[in-house]
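Residue numbering restarts at 1 for every chain, and letters A, B, ... go by the order of the sequence lines.
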Number of protein chains: 2
Amino acid sequence: MKREDSLKLSSQLCFPLYAASRELTKAYAPLLKEMGLTYPQYLVMMVLWEDGSASVKDLGESLCLDSGTLTPMLKKMESHGLILKTRDPEDQRSVIVSLTKKGSDFKERAYAVPAAMSCMIGLDEAEARSLYALTYKLLHALQAREQS
Amino acid sequence: MKREDSLKLSSQLCFPLYAASRELTKAYAPLLKEMGLTYPQYLVMMVLWEDGSASVKDLGESLCLDSGTLTPMLKKMESHGLILKTRDPEDQRSVIVSLTKKGSDFKERAYAVPAAMSCMIGLDEAEARSLYALTYKLLHALQAREQS
DNA sequence: TCAGATTTAATTTTATACAACCTTTTTGCC
DNA sequence: GGCAAAAAGGTTGTATAAAATTAAATCTGA
């Protein structure tokens with residue numbers, strides 16, 4: 001690529017990723033609205049549906065989010081009756097997040113979400129698999145960079 | 001995929017996209033810091049470096065951002081001396097954004113940014129091209145959905 | 001054992017994002 | 001011309017995000 005093209009928006013790999021990520025969040029919104037969830041909140045719920053409970057640190061590592069984002073988000077989810085927060089008796093620094101009955105029951109309704117989304121992405125299965133692999137590879141490369 | 005797996009975080013196509021997008025923004029930050037730009041502001045600058053000037057509507061269409069995001073962002077960029085805002089004499093509704101000398105001069109320094117980023121993404125050229133194509137395909141599919 | 005280092009959350013500050021709504025201006029259309 | 005509809009940008013309210021700082025609890029090595 002010529003130097004003078006390297007600053008064109010259309011040459012950027014990062015821009016469609018950034019834009020598609022935001023459009024995806026917007027596409028999720030109407031599906032999650034009936035459960036009163038936002039997309040990041042839905043991700044927290046997925047971790048909890050799978051693992052039962054998790055510390056704030058665990059959630060942060062799973063979702064690549066820090067406490068500055070999670071703490072206010074979890075506070076809202078708690079006030080909406082989806083989760084409970086308790087201190088770990090073994091280590092009082094750690095806050096354990098778990099599901100309420102309501103939060104747990106939402107799992108059944110949530111199965112409709114990935115089903116509906118798969119119709120919206122406009123990719124066939126091979127493309128979706130390829131995109132999945134590439135975004136994870138990119139994510140891991142960027143995370144490795146953070147250590148140094 | 002089995003139904004019970006469909007809500008696992010590791011089955012989601014959207015999550016690595018969402019996480020990688022945020023990690024990318026973080027990776028850009030130190031490169032842009034010396035120019036006092038954030039990643040979204042850098043995108044605005046790229047449009048202006050390429051086109052010279054653009055209305056708020058043009059910027060919104062190019063970057064998939066609405067006035068609720070752009071208006072305060074452009075206000076900051078103006079106060080930092082990077083851009084100018086003038087009303088279009090042809091259409092008083094429209095605000096034309098253009099570069100100051102300082103903003104224009106930053107283009108030379110910015111060539112270092114895509115060069116540095118290409119080393120960070122951990123993808124070879126074929127993978128980068130493939131990811132570019134897939135994210136644009138996804139972006140366009142999601143945008144088409146918005147009309148309906 | 002106990003002082004310092006580390007870990008874990010919470011808080012604060014700054015900067016997006018987006019939906020919903022509002023104001024001003026322009027455009028159609030009769 | 002006159003007026004409804006559309007277009008453009010701004011405003012408000014809510015929800016992330018991330019960096020930097022603080023505070024509390026735990027761990028660790030001399």
Rounding to an integer number of Å, can you tell me how far [X] [atom1] sits from [N] [atom2]?
X: B:D91; N: D:dA6; atom1: CG; atom2: P; result: 17 Å
X: A:L43; N: D:dA15; atom1: CG; atom2: C1'; result: 14 Å
X: A:Q41; N: D:dT16; atom1: CD; atom2: C1'; result: 10 Å
X: A:K57; N: C:dA10; atom1: NZ; atom2: P; result: 14 Å
X: A:M77; N: D:dT14; atom1: CE; atom2: C1'; result: 16 Å
X: A:L24; N: C:dC18; atom1: CG; atom2: C1'; result: 15 Å
X: B:R87; N: D:dA7; atom1: CZ; atom2: P; result: 18 Å
X: B:E90; N: D:dA8; atom1: CD; atom2: P; result: 15 Å

Within the structure, does a side-chain N or O atom of [X] lie under 4.0 Å from either OP1 or OP2 of [N]?
X: A:Y18; N: C:dA17; value: yes
X: A:S94; N: D:dA25; value: no
X: A:S55; N: C:dA9; value: yes
X: B:K76; N: C:dT16; value: yes
X: B:Q92; N: D:dG9; value: no
X: A:S67; N: C:dA9; value: no
X: A:T38; N: D:dT16; value: yes
X: A:T69; N: D:dA17; value: no
X: A:K75; N: C:dT11; value: yes

_Residue met sooner reading DNA chain C from 5', once A:K85 and A:K26 are mapped to nucleotides_ = A:K85
_Pick the closest DNA chain C nucleotide for B:H80 and for A:D66 by heavy atoms, then say which residue is nearer the 5' end._
A:D66
*Pairing of B:E108 and A:R3 as salt bridge, 4.0 angstrom limit*: yes
*Is A:E23 salt-bridged to A:K26, going by a charged N under 4.0 Å from an acidic O?*
yes
*asked:* B:Y111 vs A:E4, test: side-chain contact (heavy atoms from CB on, under 4.5 Å). Steps then yes/no.
replied: CA-CA 8 Å; B:Y111 280 114; A:E4 54 267 40; 4.2 Å; yes
_Qualifying residue for salt bridge (Lys or Arg N to Asp or Glu O under 4.0 Å) with B:D105, from B:K101, B:R109, B:K107_ = B:K101
_Parallel, tilted or perpendicular, as decided by the 30° and 60° cut-offs, for the rings of B:Y42 and B:W49_ = perpendicular
*Answer yes or no for A:R129 and A:Y132: cation-pi contact, defined as NZ/CZ to six-membered ring centre under 6.0 Å and angle to ring axis within 45°.*
no
*asked:* Among D:dA18, C:dT11, D:dG9, which nucleotide has an atom closest to any side-chain atom of A:T71?
replied: C:dT11
_Touch class at under 4.0 angstrom, heavy-atom based, for B:L70 against every strand present_ = nothing
*If you pin A:M73 and B:A29 to their nearest nucleotides in DNA chain D, which one's is more 5'?*
A:M73
*Establish whether the base of C:dT7 is bridged to the side chain of A:R93 by a donor-acceptor pair shorter than 3.5 Å.*
yes
